[in-house]
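Down below is the structure, laid out as structure tokens.
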Number of protein chains: 2
Amino acid sequence: MIRLLLADDQHLIRGAIASLLNLEPDLEVVAQVGRGDEVAAAVAEHRPDVVVLDIEMPGADGLSVAESLPGQAVVILTSFGRPGYLRRAMAAGVRGFVPKDAPVEQLAAAVRKVHTGGRYLDPELAASAMMAGECPLTERERDALGLAARGASVSEIAVSLRLTEGTVRNYLSNAIMKLGASNRISAIRAAQEMGWI
Amino acid sequence: MIRLLLADDQHLIRGAIASLLNLEPDLEVVAQVGRGDEVAAAVAEHRPDVVVLDIEMPGADGLSVAESLPGQAVVILTSFGRPGYLRRAMAAGVRGFVPKDAPVEQLAAAVRKVHTGGRYLDPELAASAMMAGECPLTERERDALGLAARGASVSEIAVSLRLTEGTVRNYLSNAIMKLGASNRISAIRAAQEMGWI
DNA sequence: CTGGGCTTATGACAAATGTCATCGGGTGCG
DNA sequence: CGCACCCGATGACATTTGTCATAAGCCCAG
């Protein structure tokens with residue numbers, strides 16, 4: 001019997017997936033969590049074999065949570081196959097990555113594989129990640145673009161990152177160029193689409 | 001027995017919700033659709049009593065689909081309680097509106113209520129919609145901001161909307177002011193957060 | 001050691017964004 | 001009728017964005 005902890009902020013979704021997984025004879029959902037920042041405590045309490053994490057959750061995103069659970073067998077569930085997410089998850093030691101587009105049988109298979117120490121990576125996600133390659137932005141470019149995505153002006157970004165405005169403008173300009181965008185907004189969209197920010 | 005059609009682009013989610021609904025003795029999911037633009041044909045084919053629609057789908061969003069099914073009993077499922085979505089759904093004659101945060105019992109209750117001609121509106125959604133009031137933007141302001149959200153420059157927006165650049169700048173400036181934003185990006189975020197665009 | 005990449009910065013300037021005042025036309029409401 | 005609102009426009013101009021060339025320091029790999 002593989003014991004699972006399931007974390008997803010949407011009650012309906014979480015409940016539905018848990019019910020489906022519980023129908024599998026060798027799987028049992030022993031805990032459900034609705035916020036990323038509550039996962040660690042629940043893991044400590046319930047000692048699940050595998051943790052299934054949604055990425056977008058209040059309190060902490062699934063990728064950050066995975067990073068905070070080293071050694072824990074984790075499967076990431078994602079709405080979008082963003083290469084940046086996949087790369088970050090793998091860097092965090094995540095061995096399972098399943099899109100919400102997949103049937104539940106695939107999620108169950110991923111859980112079993114990860115539980116026995118293997119890897120489960122959706123073939124389409126793998127392909128798109130290979131094609132996407134590395135994030136073309138430097139750390140600082142990403143920092144600046146991430147803040148811009150929240151509506152911050154150059155001067156606000158400069159204050160936040162402790163840089164001069166000229167440097168921030170350079171970073172944003174570089175990001176726009178590297179992402180093949182024509183302005184800040186389209187650069188932000190492109191980067192978010194790929195999961196770089 | 002209430003016959004349902006369920007439309008959600010994410011296979012795992014759709015399958016899980018369908019399974020849960022099928023556990024209810026008086027509900028039966030007779031069709032599942034993954035794209036907004038395929039709903040109408042499926043409705044014509046399966047003649048469901050109630051259509052349960054996710055909002056964000058490829059091919060056509062759930063709100064547009066609802067608008068194209070006048071007289072059909074519809075329940076909208078949404079990840080976010082955006083007042084703009086709620087208002088638009090109601091204007092389209094939708095009588096059920098359930099957040100994905102809700103337990104499945106609530107979705108089943110909404111389906112039953114809508115099926116018998118009643119309304120089902122999540123209390124929290126109702127409250128937030130009342131507080132949010134009407135969308136403060138005019139139609140044209142929303143048009144312009146919507147295109148800006150896709151990275152279009154003023155000149156591109158002007159061409160698309162067949163306006164002069166000055167007029168587009170005025171619309172965007174008005175939108176920024178009305179949304180209490182400081183620039184285009186934050187205005188876009190605010191409007192998207194509320195479901196105005 | 002050299003070259004490349006990252007980081008940070010300066011400065012000049014073109015282009016785009018955003019503001020504001022104003023005008024005119026049309027519509028609906030008190 | 002007058003007013004408010006929406007729509008579309010003009011024009012002037014301040015501010016911000018974006019580009020580009022350049023420079024220096026640091027680190028790492030060949």
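Predicted, not measured: the structure shown is a model, and the values here were computed from it.
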*asked:* Applying side-chain contact (heavy atoms from CB on, under 4.5 Å) to B:Asp143 and B:Leu147, what does each step give before you reach the verdict?
replied: CA-CA 6 Å; B:Asp143 290 342; B:Leu147 289 175; 5.8 Å; no
*Looking at B:Ser182 and B:Ile176, what are the two nearest heavy atoms and their distance?*
C-CG2, 4.2 Å
*B:Arg3 side chain to B:His46 main-chain N or O, any donor-acceptor pair under 3.5 Å?*
yes
*Under a 4.5 Å cut-off applied to non-hydrogen side-chain atoms, are B:Asp61 and B:Arg88 in contact?*
yes
*Going 5' to 3' through nucleotides 3-19 of chain D, assign each nucleotide B (protein heavy atom under 4.0 Å from a base atom), S (under 4.0 Å only from sugar-phosphate atoms) or - (no protein heavy atom that close).*
---SSBBB-B----BBB
*For residues B:Glu56 and B:Ser79, is any side-chain donor paired with an opposing acceptor at under 3.5 Å?*
no
